[in-house]
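For ligands, and for the atoms within them, numbers begin at 1 and follow the listed sequence.
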Amino acid sequence: MPLFGGIEAGGTKFVCAVGTRPQDLRATIHFATTTPQESIARAIAFFEEQSKGEVLAAVGIASFGPVDPDPASPTFGNITTTPKPGWASTDFAGPIRRALGVPVGFDTDVNGAALGEHRWGAAQGLDTFIYLTIGTGIGGGGLVNGQPMHGLIHPEMGHIRLPRHPDDPYPGACPYHGDCLEGMAAGPALEGRWGQAAESLPADHPAWELEAHYLAFGLVSFICTLSPQRIVMGGGVMEQSHLFPEIRRRVQALLNGYVQAPEILENVDEYIVPPALGSQAGVLGAIALAQREINPER
Ligand code: ADP
Ligand code: ZN
């Protein structure tokens with residue numbers, strides 16, 4: 001099987017790897033996200049070094065965004081309006097394609113992770129499901145009828161509006177909307193509301209009940225609009241695995257029996273799940289994106 005390269009580009013760090021599948025990741029590198037020029041050059045250098053002797057067939061990029069994932073657009077492969085300093089209007093796929101001379105697959109970090117989970121992880125055999133990350137921000141992507149969700153641009157599931165908890169005075173941390181889902185429930189909102197980093201809040205802290213409350217409201221909206229066959233939830237905040245049973249219980253309560261699916265009513269432990277690929281979901285998703293360049297059926 002030909003060799004592929006993958007880049008998981010996060011706002012905080014890049015992970016690059018070459019390989020073909022989870023059991024065959026031949027080299028991986030992590031580095032902090034700095035300027036676009038420096039970060040992209042490091043990724044190119046890594047692939048040039050790793051592919052010596054064996055040609056890369058394609059590279060996939062699963063990127064933080066917003067991005068332009070439309071191959072027909074003149075700004076395809078760009079990071080577009082991100083608030084991350086230095087990265088707005090950055091051509092990301094172009095320099096990689098030119099330097100390495102290979103096809104480049106490009107999509108959001110969450111569509112990439114969804115593809116990886118579909119190929120090798122928690123979403124195998126499904127044609128419509130979503131992948132959410134709850135980390136520095138909240139992002140959602142996935143497949144609909146077997147194809148990555150794009151549409152107008154790509155989904156922005158973190159920025160839906162939802163009712164505030166009546167006892168929560170926190171104004172919200174989203175620079176665009178204040179109290180959207182991301183503004184109320186991403187890692188920085190936990191830190192802003194409680195005055196300490198999310199990872200240092202103990203499991204019995206009231207923060208987590210409120211967190212499950214907001215995330216469950218988000219999930220109910222996605223269930224009612226997209227009808228996903230499963231919801232995969234990753235990202236740093238979901239390392240708090242005690243959130244899963246709380247979220248599942250609240251989703252069932254909020255739906256109140258209206259969506260008559262045994263997956264939700266009887267088998268919710270397998271409906272709302274962590275990524276099976278764990279922390280490798282992102283970079284394996286990028287490799288899956290690369291493989292689609294060679295074989296679009298995959
Ligand atoms: P990114 O979103 O940059 O890709 P992460 O998914 O790791 O990276 O998200 C980072 C956010 O998640 C930070 O706000 C951090 O406080 C929070 N976080 C990371 N680890 C944990 C943890 N174990 N428990 C709760 N929150 C965490
Ligand atoms: Zn927002």
Side-chain angles (χ1 to χ4, degrees), residues 6-16 30-34 39 61-67 79 81-85 87 107-114 116-117 131-141 153-164 170-212 214-215 217-218 221-222 232-244 246-247 274-275 277-286:
I7 304 175
E8 176 193 7
T12 310
K13 67 174 193 306
F14 268 47
V15 183
C16 306
H30 299 71
F31 54 87
T33 309
T34 56
S39 309
I61 304 173
S63 178
F64 71 99
V67 302
I79 295 183
T81 51
T82 181
K84 188 171 171 61
W87 283 82
D107 213 324
T108 60
D109 45 7
V110 279
N111 270 352
E117 289 291 325
Y131 181 99
L132 296 169
T133 181
I134 322 296
T136 309
I138 295 184
I153 299 172
H154 53 73
E156 287 287 1
M157 296 185 207
H159 296 271
I160 62 166
R161 316 309 273 264
L162 66 182
R164 304 178 63 87
Y170 184 62
C174 176
Y176 289 85
H177 316 116
D179 61 1
C180 64
L181 176 59
E182 174 174 305
M184 296 307 265
L190 283 156
E191 181 161 357
R193 183 186 288 112
W194 302 104
Q196 62 189 97
E199 49 270 50
S200 71
L201 291 162
D204 60 357
H205 194 282
W208 300 118
E209 237 179 276
L210 197 59
E211 182 70 7
Y214 285 124
L215 293 175
F217 264 96
S221 292
F222 306 142
V232 185
M233 298 181 79
V237 172
M238 296 312 298
E239 295 287 321
Q240 304 285 328
S241 54
H242 53 89
L243 280 171
F244 279 95
E246 282 297 313
I247 293 168
L277 302 174
S279 59
Q280 291 192 321
V283 76
L284 284 166

Query - Criterion side-chain contact (heavy atoms from CB on, under 4.5 Å) on D179 and R164, from CA distance to verdict - result: CA-CA 8 Å; D179 61 1; R164 304 178 63 87; 2.7 Å; yes

Report task. Walk me through it: do T12 and F64 pass the test side-chain contact (heavy atoms from CB on, under 4.5 Å)? Result -> CA-CA 10 Å; T12 310; F64 71 99; over 6 Å; no

Requested in this report: Give the intermediate values and the outcome of side-chain contact (heavy atoms from CB on, under 4.5 Å) for residues I7 and V15.
Outcome: CA-CA 6 Å; I7 304 175; V15 183; over 6 Å; no

**Report entry** Test log, rule side-chain contact (heavy atoms from CB on, under 4.5 Å), inputs V110 and L132
**Finding:** CA-CA 7 Å; V110 279; L132 296 169; over 6 Å; no

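Environment of CD in Q196: crowded, with over 12 heavy atoms of neighbouring residues, nucleotides or ligands closer than 6.0 Å. Counting non-hydrogen atoms of neighbouring residues, nucleotides and ligands closer than 6.0 angstrom, the CD1 atom of I153 reaches no more than 12 such neighbours.
If you count the protein N, O or S atoms nearer to the Zn ion (ligand 2) than 2.8 Å, you get 4.
Within the 4.5 Å cutoff, the side chain of I134 has heavy atoms near those of the E211 side chain. Taking 4.5 Å as the limit, some side-chain heavy atom of R193 sits within range of a side-chain heavy atom of L210.
In this structure, ligand 1 sits under 4.0 Å from heavy atoms belonging to T12, G135, T136, G187, P188, A198, E199, G235, G236, V237, E239, Q240.
Between W87 and F14, the ring planes lie tilted relative to each other; the angle falls in the 30° to 60° range.
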